[in-house]
Student: 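So that we are looking at the same thing, I have put the structure below in structure tokens.
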Amino acid sequence: MAQKPSIPKGTRDFSPVAVGKRNYIFDIVKKHFRTFGFQPIETPSFENSETLMGKYGDEGDRLIFKILNSGDFISKVDDVTYSSKKSSSLTPKISEKALRYDLTVPFARYVVMHQNEIDFPFKRYQIQPVWRADRPQKGRFREFYQCDADVVGANSLLQEVELVQLYDAVFTDLGLTGTTIKLNNRKILAGIAEVIGAKNNLINFTVALDKLDKIGAEGVKAEMLAKGITETAIEKAAPLFSLKGSNTEQLSILAEFLAASEMGSKGVEELVFIIDAIAALELHSASLAIDVTLARGLNYYTGAIFEVAAPEGVKMGSIGGGGRYDDLTGIFGLKDVSGVGISFGLDRIYLVLEELDLFPKEIDRSLQVLFVNFGEKEALASLGLLTQLRAAGITADIYPSSSKLQKQFKFANNRKVPFVVTIGANELASQNLVVKNMENGEQTTYGFKELDKLIALLLG
RNA sequence: GUGGUUGUAGCUCAGCUGGUUAGAGCGCUAGAUUGUGGUUCUAGAGGUCGCCGGUUCGAAACCGGUCUUCCACCCCA
């Protein structure tokens with residue numbers, strides 16, 4: 001053992017137990033994606049750099065993992081570029097591929113490339129890892145999975161309503177009650193900026209507003225001032241900092257505030273539709289809340305904006321987000337295809353479920369029954385019975401060597417095996433097997449011919 | 001990318017202002033118990049103190065660098 005091996009910053013190994021828990025979440029998410037009519041696709045881990053670069057802003061470009069070209073790539077760089085030592089001009093010459101940064105941009109590329117084969121409206125889901133050269137923190141990794149569901153080619157607000165229901169269905173099924181689905185609309189943000197006279201400073205305005213719950217009203221004002229938003233404009237927007245009351249109350253205040261803005265009024269109208277529809281349909285465990293400070297990545301959202309907050313009391317950033325983008329495929333040359341989608345933050349949902357102890361304990365039951373090994377003859381007899389159990393769909397195994405019973409039972413205990421079958425010389429002679437319930441220690445004897453009874457016990 | 005923080009046994013952590021052979025609990029192995037785990041008792045094995053370099057008679061401890069962890073920015077799931 002020369003040096004202890006390690007894995008790169010922000011990456012993780014997953015143990016059998018962890019994979020079991022992750023698959024539990026994946027399976028529930030997939031189940032609901034499918035019942036809502038979404039179809040799965042997959043795209044490559046890496047794309048051509050030009051597909052990704054420039055789609056996430058300067059900040060995003062910095063976080064994209066670039067892949068070096070193959071071969072003697074340095075020798076192909078001209079001397080001027082090489083000696084300039086400027087990463088921005090050198091990188092494109094030595095790297096033409098990059099790891100996927102999210103699933104939305106590759107999806108847009110997919111839609112454009114396959115537009116003639118796709119039946120629109122196209123509802124797709126995609127669950128794959130993405131990579132970001134970010135600095136890791138709790139719940140933030142350099143390699144993590146995204147679970148996205150998007151609809152392209154449908155302008156109806158019914159999609160937004162369904163996506164809210166989809167969030168609710170998944171979190172309810174996971175037993176994660178008390179989540180808050182925060183809802184806003186880019187048109188409202190644009191309307192506010194218009195009304196207060198900061199139309200040309202929309203991004204700075206919303207980025208600052210988005211931090212309200214983090215840095216408080218004073219902090220937001222300070223940041224807005226620093227970003228060149230006038231004091232009178234901030235004053236006008238001030239009532240929105242402390243917007244309170246039910247969704248409908250907030251909406252009526254907003255409607256009044258935005259009356260002069262055509263864009264803003266349209267946004268209010270859209271929110272009213274979604275809120276009314278959800279009120280009529282009712283959610284199971286989540287609550288839907290208007291949040292005018294919600295901005296998220298403004299790069300491509302044009303309509304509804306979603307973000308899901310973990311139940312109160314759990315310290316965790318958002319566990320999901322999404323929104324509508326009217327022209328995502330435009331950057332790849334396909335105009336007028338509207339899309340709307342949501343994403344589940346698997347790693348964070350995992351942490352939240354862990355913290356609230358919401359994983360079912362059957363998950364780590366990776367083996368339902370273990371046969372104790374007494375020696376060659378007994379083991380061969382066990383193998384015959386084992387085969388029948390496996391054929392009946394039961395996860396069963398035999399201890400590979402005739403080690404001490406103490407050791408074999410301890411192994412069963414550590415693996416959390418609920419039943420252990422013992423077939424020793426006595427049992428072999430009488431054609432019986434002894435089944436031990438590891439939870440309460442009770443032992444029951446069955447004849448070899450009564451295997452159906454054992455199967456019923458194990459399946460029940 | 002900026003500022004800070006962390007690293008000691010498989011795991012969770014002690015280890016004082018530098019001073020012999022670096023500790024505990026849990027886990028692991030063996031025995032008490034040659035057909036029974038989860039409880040108890042006894043014994044044992046496990047560590048180039050993240051890595052590289054420096055200061056010193058002497059470094060786990062001090063200094064520099066580097067990697068890693070976590071945190072605040074930035075940004076975001």
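Just so we're on the same page: letters track the sequence lines, and every chain starts at 1.
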Student: Can you find a side chain N or O atom of Asn414(A) that sits less than 4.0 Å from OP1 or OP2 on C28(B)?
Tutor: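 Yes, such a contact exists.
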Student: Could you tell me how far apart Asp134(A) (CG) and C73(B) (P) are, to the nearest whole angstrom?
Tutor: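 It works out to 13 Å between those atoms.
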Student: Would you say the base of U2(B) and the side-chain of Arg135(A) have a donor-acceptor pair closer than 3.5 Å?
Tutor: yes
Student: Under 4.0 Å, counting only non-hydrogen atoms across every strand here, what does Ser343(A) touch: a base, just sugar-phosphate, or nothing?
Tutor: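 Since no nucleic acid heavy atom lies under 4.0 Å of Ser343(A), the category is nothing.
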Student: Is any N or O donor-acceptor pair between the side chain of Arg140(A) and the base of C75(B) shorter than 3.5 Å?
Tutor: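 Yes, the side chain and the base share a sub-3.5 Å donor-acceptor pair.
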Student: If the C1' atom of C67(B) is compared with that of G31(B), how far apart are they to the nearest Å?
Tutor: 44 Å
Student: Taking only N and O in the side chain of Gln408(A), is any of them less than 4.0 Å away from OP1 or OP2 of G37(B)?
Tutor: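 So the side-chain polar atoms of Gln408(A) never come under 4.0 Å of the phosphate oxygens OP1 or OP2 of G37(B).
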Student: Report yes if the ring of Phe374(A) lies under 5.5 Å from the six-membered base ring of G35(B) with planes under 30°, and no otherwise.
Tutor: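 Stacking between Phe374(A) and G35(B): absent.
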Student: State whether the distance check finds a donor on one side and an acceptor on the other, under 3.5 Å, for side chain Asn413(A) versus base G38(B).
Tutor: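 By the distance-only test, no, there is no pair.
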Student: Using distance alone, with no hydrogens and no angle criterion, decide if Ser403(A) and Gln408(A) have a side-chain donor and acceptor under 3.5 Å apart.
Tutor: no
Student: Rounded to whole angstrom, note down the P distance from G10(B) over to A72(B).
Tutor: 31 Å
Student: Between P on C75(B) and NZ on Lys55(A), what's the gap in Å once rounded to a whole number?
Tutor: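 About 21 Å, once rounded to whole Å.
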Student: Atom CZ of Arg348(A) to atom P of C75(B): distance rounded to whole Å?
Tutor: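 So the CZ-P distance, Arg348(A) to C75(B), works out to 15 Å.
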Student: Give me the distance, rounded to whole Å, that separates A24(B) from C62(B) when you measure between the P atoms they each carry.
Tutor: 24 Å
Student: Distance check, P atoms only: G64(B) and G4(B), in whole angstrom units.
Tutor: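 The same atom, P, in both gives a distance of 12 Å.
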Student: Is the base of U36(B) touched by the side chain of Gln443(A) through a donor-acceptor pair closer than 3.5 angstrom?
Tutor: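 Under the 3.5 Å cut-off, the side chain and the base do form a donor-acceptor pair.
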Student: For Gly375(A), report the nucleic acid contact type (base, sugar-phosphate, nothing); a contact means any heavy atom under 4.0 Å.
Tutor: nothing
Student: Without decimals, in angstroms, what is the distance between Ile181(A) CD1 and A77(B) C1'?
Tutor: 16 Å
Student: Can you say whether the rings of Phe107(A) and Phe122(A) are parallel (under 30°), tilted (30 to 60°) or perpendicular (over 60°)?
Tutor: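 Ring orientation of Phe107(A) relative to Phe122(A): tilted.
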Student: Centre-to-centre under 6.0 Å for Tyr350(A) and Phe359(A), is that the case here?
Tutor: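 Ring centroids of Tyr350(A) and Phe359(A) are less than 6.0 Å from each other.
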Student: Whether Lys416(A) contacts G37(B) is assessed here as follows: a side-chain N or O lying under 4.0 Å from the phosphate OP1 or OP2. Is that the case?
Tutor: no
Student: Starting at atom CG of Leu346(A), determine the distance to atom C1' of C76(B), rounded to an integer number of angstrom.
Tutor: 16 Å
Student: Side-chain donor or acceptor of Arg415(A) under 3.5 Å from a matching atom on the base of G37(B)?
Tutor: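 Per atom types, no contact qualifies.
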Student: Starting from the 5' end of RNA chain B, give me the residue, Ala133(A) or Phe409(A), whose nearest nucleotide shows up first.
Tutor: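 Between the two, 5'-proximity favours Ala133(A).
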Student: If you measure from the P atom in C51(B) to the same atom in A59(B), how many Å do you get, rounded?
Tutor: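 Rounded to whole Å, the distance is 15 Å.
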Student: Counting distance alone, no hydrogens or angles: does the base of G35(B) have a donor or acceptor under 3.5 Å from a partner atom on the side chain of Gln406(A)?
Tutor: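 Per atom types, no contact qualifies.
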Student: Scan Gly320(A) against the nucleic acid and name what it touches under 4.0 Å (heavy atoms): base, sugar-phosphate only, or nothing.
Tutor: sugar-phosphate
Student: From the options Asp327(A), Thr329(A), Asp326(A), Thr302(A), select the one residue that forms a side-chain hydrogen bond (donor to acceptor under 3.5 Å, both in side chains) with Ser338(A).
Tutor: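 Passing option: Asp326(A).
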Student: Just checking, is any N or O donor in the side chain of Thr43(A) or Gln126(A) under 3.5 Å from an acceptor N or O on the other one?
Tutor: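 Note: Thr43(A) and Gln126(A) side chains meet the donor-acceptor criterion.
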Student: Indicate, with a heavy-atom threshold strictly under 4.0 Å, whether Glu378(A) touches base, sugar-phosphate, or nothing.
Tutor: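 Result for Glu378(A) = nothing.
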Student: Whole-Å distance between U6(B) C1' and Lys9(A) NZ?
Tutor: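 The distance from NZ of Lys9(A) to C1' of U6(B) comes to 13 Å, rounded to the nearest Å.
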Student: Is G46(B) in the syn or the anti form, by the rule that syn lies within 90° of 0?
Tutor: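 For G46(B), whose glycosidic angle is within 90° of 0, the conformation is syn.
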Student: Mind checking who U66(B) pairs with, Watson-Crick or G-U wobble, both distances under 3.5 Å?
Tutor: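 For U66(B), the partner nucleotide comes out as G50(B), under the 3.5 Å rule.
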Student: Using a distance-only criterion (donor-acceptor N/O pair, under 3.5 Å, no hydrogens), is the base of G38(B) paired with the side chain of Lys410(A)?
Tutor: no
Student: Determine the contact category for Phe411(A): base if any of its heavy atoms lies under 4.0 Å from a base atom, sugar-phosphate if only primed atoms, P, OP1 or OP2 are that close, otherwise nothing.
Tutor: nothing
Student: How far does the P atom of C13(B) sit from the matching atom of G7(B), given to the nearest Å?
Tutor: 10 Å
Student: Is the phosphate of G31(B), meaning OP1 or OP2, less than 4.0 Å from a side-chain N or O of Lys404(A)?
Tutor: yes
Student: Write down the distance separating the C1' atoms in G15(B) and A22(B), rounded off to the nearest Å.
Tutor: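 Each nucleotide's C1' atom is 8 Å from the other's.
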Student: Is it the case that G35(B) (base atoms only) and Asn426(A) (side chain only) share a donor and an acceptor within less than 3.5 Å, ignoring hydrogens and angles?
Tutor: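 Yes, a donor-acceptor pair under 3.5 Å.
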Student: Picking from C75(B), A77(B), G31(B), which would you name as closest to the side chain of Lys211(A)?
Tutor: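 The closest nucleotide is C75(B).
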Student: Asp58(A) has an atom CG; how far is it from atom C1' of C75(B), in whole Å?
Tutor: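 Rounded to the whole Å, the gap is 12 Å.
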Student: Which is more 5' along RNA chain B, the nucleotide nearest Asp210(A) or the one nearest Ser6(A)? Just name the residue.
Tutor: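 Per heavy-atom nearest nucleotide, the more 5' residue is Ser6(A).
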Student: Between G37(B) and G27(B), how far is it from one C1' atom to the other, in whole Å?
Tutor: 16 Å
Student: The side chain of Thr422(A) lies closest to which of these nucleotides: A77(B), C75(B), G35(B)?
Tutor: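 Closest nucleotide to the Thr422(A) side chain: G35(B).
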Student: Between Asp134(A) and Arg62(A), is a salt bridge (charged side-chain N to carboxylate O under 4.0 Å, His left out) present by the stated rule, with each step listed?
Tutor: CA-CA 9 Å; Asp134(A) 205 356; Arg62(A) 202 194 81 210; 5.1 Å; no
Student: What is the distance, to the nearest angstrom, from the CD atom on Glu223(A) to the C1' atom on A72(B)?
Tutor: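 Taking CD of Glu223(A) and C1' of A72(B), I get 15 Å after rounding.
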Student: Please name the residue in the list Tyr145(A), Phe344(A), Phe33(A) that meets the ring-ring contact (aromatic ring centres under 6.0 Å, His included) test with Phe26(A).
Tutor: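 Going through the options one by one, the only one that passes is Tyr145(A).
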Student: Any donor-acceptor pair under 3.5 Å between the side chain of Lys436(A) and the base of U36(B)?
Tutor: yes
Student: When you look at NZ of Lys97(A), are more than 12 heavy atoms from neighbouring residues, nucleotides or ligands closer to it than 6.0 Å?
Tutor: yes
Student: Answer with yes or no whether the side chains of Ser343(A) and Asp148(A) bring together a donor and an acceptor at under 3.5 Å.
Tutor: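 Yes, a side-chain donor-acceptor pair sits under 3.5 Å.
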